[in-house]
Amino acid sequence: ALGYGALNVVNNGTTGGIRNTAIGNLALTANTSGSYNLGIGWNALAGNTTGTYNIGIGRNALLVNISGVSNVALGNDAGVLVTSSNNTLLGDSSGSNITSGGSNIIIGVAVAAPSATTNRQLNIGNLIYGTNSQAGGVGATSVPTGGNIGIGTTTPGQMLSVAGDILGNNVIGSYFT
């Protein structure tokens with residue numbers, strides 16, 4: 001631990017997790033039994049007490065996460081309200097509205113999840129959206145099933161939904177079976 005109050009609870013002799021790294025003022029300051037966490041930046045993972053395998057890099061990244069598991073938040077205020085698990089948040093203030101929603105992928109500066117409490121959402125730059133983003137896929141080579149992608153719409157109704165005109169040289173219908 002490096003920085004004022006970093007891993008403070010553990011350093012004061014209370015029960016502690018193992019293999020945590022805290023760099024920055026108050027990083028992982030409330031950790032009691034969480035393990036394998038990385039908090040870099042002022043207040044990064046400051047509220048974490050029992051969560052494990054989380055990575056918070058940036059001021060206030062995953063600030064109020066208490067027991068969430070396997071979250072990754074890169075950027076100042078990324079995932080600041082997250083209390084759930086398996087979120088991937090890239091960019092300053094990305095996913096800053098998520099509270100209990102889990103397994104979300106949010107990419108871009110100040111990009112929010114379409115819902116703070118829904119699971120398996122995708123938002124890339126407020127342009128490309130997805131639902132059930134990780135449903136049915138197991139392993140690195142699996143293709144997820146049941147999810148939809150939307151361009152310009154937060155509620156895609158089909159595997160690919162486009163809110164707007166589509167320009168193409170050749171459109172082939174019913175090509176895939």
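Position 1 is the first residue of the sequence, and the numbers go up from there.
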Please tell me whether [X] and [Y] are part of a single hydrophobic cluster in this structure, the criterion being side-chain heavy atoms less than 4.5 Å apart.
{"X": "Val64", "Y": "Ile98", "result": "no"}
{"X": "Trp42", "Y": "Leu63", "result": "no"}
{"X": "Ile107", "Y": "Ile57", "result": "yes"}
{"X": "Val69", "Y": "Val80", "result": "no"}
{"X": "Leu127", "Y": "Tyr129", "result": "no"}

[X] to [Y] - nearest heavy-atom pair and separation:
{"X": "Asn48", "Y": "Ile66", "answer": "OD1-O, 3.6 Å"}
{"X": "Ala22", "Y": "Leu7", "answer": "CB-CG, 3.8 Å"}
{"X": "Ala116", "Y": "Asn97", "answer": "CB-O, 3.0 Å"}
{"X": "Thr153", "Y": "Pro156", "answer": "O-CD, 4.0 Å"}
{"X": "Gly91", "Y": "Ala78", "answer": "O-CB, 3.7 Å"}
{"X": "Gly41", "Y": "Ala27", "answer": "O-CB, 3.7 Å"}

Taking atom [atom1] of [X] and atom [atom2] of [Y], what is their separation to the nearest 0.5 Å?
{"X": "Thr21", "Y": "Leu38", "atom1": "OG1", "atom2": "CG", "answer": "5.5 Å"}
{"X": "Leu74", "Y": "Ile40", "atom1": "CG", "atom2": "CD1", "answer": "9.5 Å"}
{"X": "Gln158", "Y": "Ile149", "atom1": "CD", "atom2": "CD1", "answer": "13.0 Å"}
{"X": "Leu122", "Y": "Asn104", "atom1": "CG", "atom2": "CG", "answer": "9.0 Å"}
{"X": "Asn43", "Y": "Leu62", "atom1": "CG", "atom2": "CG", "answer": "12.0 Å"}
{"X": "Ser93", "Y": "Ile106", "atom1": "OG", "atom2": "CD1", "answer": "13.0 Å"}

Margin query: Does Leu45 form a side-chain contact (heavy atoms from CB on, under 4.5 Å) with Asn20? I'd like the steps, not just the answer.
Written below: CA-CA 11 Å; Leu45 279 162; Asn20 292 298; over 6 Å; no

Next item on the list: Start with the C-alpha gap between Leu160 and Ile151, add the side-chain angles, then the distance that decides, and say whether side-chain contact (heavy atoms from CB on, under 4.5 Å) holds.
Entry: CA-CA 8 Å; Leu160 176 62; Ile151 299 176; 4.3 Å; yes

Next item on the list: Give the C-alpha distance, both sets of side-chain angles, the deciding distance and a yes or no for side-chain contact (heavy atoms from CB on, under 4.5 Å) between Asn148 and Asn132.
Entry: CA-CA 7 Å; Asn148 295 328; Asn132 267 346; over 6 Å; no

So, the side chain of [X] versus the backbone of [Y]: is there a donor-acceptor pair under 3.5 Å, distance only?
{"X": "Thr49", "Y": "Thr32", "value": "no"}
{"X": "Ser100", "Y": "Ser84", "value": "no"}
{"X": "Asp92", "Y": "Asn76", "value": "yes"}
{"X": "Ser96", "Y": "Asp77", "value": "no"}

Next item on the list: Could you check Ser103 against Arg120 for side-chain contact (heavy atoms from CB on, under 4.5 Å), going step by step and ending with a plain yes or no?
Entry: CA-CA 5 Å; Ser103 299; Arg120 296 182 304 278; 3.9 Å; yes

Note to self: With side chain to side chain donor-acceptor pair (under 3.5 Å) as the test, pick out the partner of Asn71 among Asn86, Asn37, Asn54.
What the structure shows: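 For Asn71, the side chain to side chain donor-acceptor pair (under 3.5 Å) test succeeds with only one of Asn86, Asn37, Asn54, which is Asn54.
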
